[in-house]
Amino acid sequence: GAGVSQSPSNKVTEKGKDVELRCDPISGHTALYWYRQSLGQGLEFLIYFQGNSAPDKSGLPSDRFSAERTGGSVSTLTIQRTQQEDSAVYLCASSTYNEQFFGPGTRLTVL
Amino acid sequence: KQEVTQIPAALSVPEGENLVLNCSFTDSAIYNLQWFRQDPGKGLTSLLLIQSSQREQTSGRLNASLDKSSGRSTLYIAASQPGDSATYLCAVLTGANSKLTFGKGITLSVRP
């Protein structure tokens, strides 16, 4: 079956612009997670969805970051007014029985 | 706060060697532990998941063990091959439907 997909695979943007990153989870997975992987920082949790609700947003680094999930499926992570420190790989995972399956990631570069 | 440590950060071995990758975590109250593989520029591939009540899991040449009380897990790779070259990440789930806390990974290079 299809795994977790993310788009775009690469995104280059200018400082100050807004970006949207998309995640399509595995069909039927109710739990969805966003993580960020930066050089030297490792993998950091951003936000967790259960269905369309986000009971844990504790990892979002600032109010420039937001995420939503619609129909219990697709999720979008939005970064407003991007900064150079936002450059990273953004990974999405969906979960069943508490095993997480990851997508290929979106590499974001802010110039 | 849960912290996960993987040492060393990098490892280079000749092909055919059996090797052990170590992972330690500070809070033993975990729900499960996952080992992942990451190839350069790619996402994470789940290798093995060990529930908190289990001691080990095996898949092919891979065997992962868990000692929850001492906060340790090991990933054993038998008869290593150049295709095993990748970064191996350990991650713990502290509670059901909670976030994974990751180690920084061990970058493995298997020399032909």
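Every heavy atom of this structure was used, including side-chain atoms; hydrogens, water molecules and symmetry mates were not. Proteins come first, then strands; the chains are lettered A, B, ... in the order of their sequence lines, and each starts at number 1. If you're wondering where the values come from, they're calculated on a predicted model, not measured in any experiment.
Within the 4.5 Å cutoff, the side chain of A/Leu43 has heavy atoms near those of the B/Leu44 side chain.
No close placement of the A/Phe45 and B/Phe102 rings is indicated, their centers lying 6.0 Å or farther apart.
Residues B/Ile30 and B/Leu21 share a hydrophobic cluster, clusters being chains of Ile/Leu/Val/Met/Phe/Trp/Tyr side chains in contact below 4.5 Å. Under a hydrophobic-cluster definition in which Ile, Leu, Val, Met, Phe, Trp and Tyr are linked whenever side-chain heavy atoms come within less than 4.5 Å, directly or via other members, B/Leu48 and B/Val4 are assigned to the same cluster. B/Phe36 and B/Leu19 are not part of a single hydrophobic cluster, where members link through side-chain heavy atoms under 4.5 Å apart. Grouping the Ile, Leu, Val, Met, Phe, Trp and Tyr side chains by contacts below 4.5 angstrom, directly or via other members, places B/Leu47 with B/Phe25. In terms of hydrophobic clustering, with Ile, Leu, Val, Met, Phe, Trp and Tyr side chains grouped at heavy-atom distances under 4.5 Å, B/Leu66 and B/Leu49 are assigned to different clusters.
Apart from A/Ile26 itself, the hydrophobic cluster it occupies contains A/Val4, A/Phe101, where clustering links Ile, Leu, Val, Met, Phe, Trp and Tyr at side-chain heavy-atom distances under 4.5 Å. Cluster partners of A/Val12, by chain and number: A/Leu111. The rule joins Ile, Leu, Val, Met, Phe, Trp and Tyr whenever side-chain heavy atoms lie under 4.5 Å apart.
Of the atoms belonging to A/Leu91, it is side-chain heavy atoms, and not backbone ones, that fall under 4.5 Å from chain B. In this structure, the portions of B/Leu100 lying under 4.5 Å from any heavy atom of chain A include both its backbone and its side chain.
Screening residues 72-86 of chain A for salt bridge (Lys or Arg N to Asp or Glu O under 4.0 Å) gives A/Arg64-A/Asp86 as the qualifying pairs, with residues at least two apart or on separate chains.
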Quick one: donor-acceptor pairs under 3.5 angstrom, chain A versus chain B?
| unit_1 | atom_1 | unit_2 | atom_2 | d |
| --- | --- | --- | --- | --- |
| A/Tyr33 | OH | B/Ser98 | O | 3.4 |
| A/Tyr35 | OH | B/Leu100 | N | 3.0 |
| A/Gln37 | OE1 | B/Gln38 | NE2 | 3.0 |
| A/Gln37 | NE2 | B/Gln38 | OE1 | 3.0 |
| A/Gly40 | O | B/Lys104 | NZ | 3.3 |
| A/Asn98 | O | B/Asn32 | ND2 | 2.9 |
| A/Asn98 | OD1 | B/Asn97 | N | 2.7 |
| A/Glu99 | OE2 | B/Ser46 | OG | 3.2 |
| A/Gln100 | N | B/Gln34 | OE1 | 3.2 |
| A/Gln100 | O | B/Gln34 | NE2 | 3.3 |

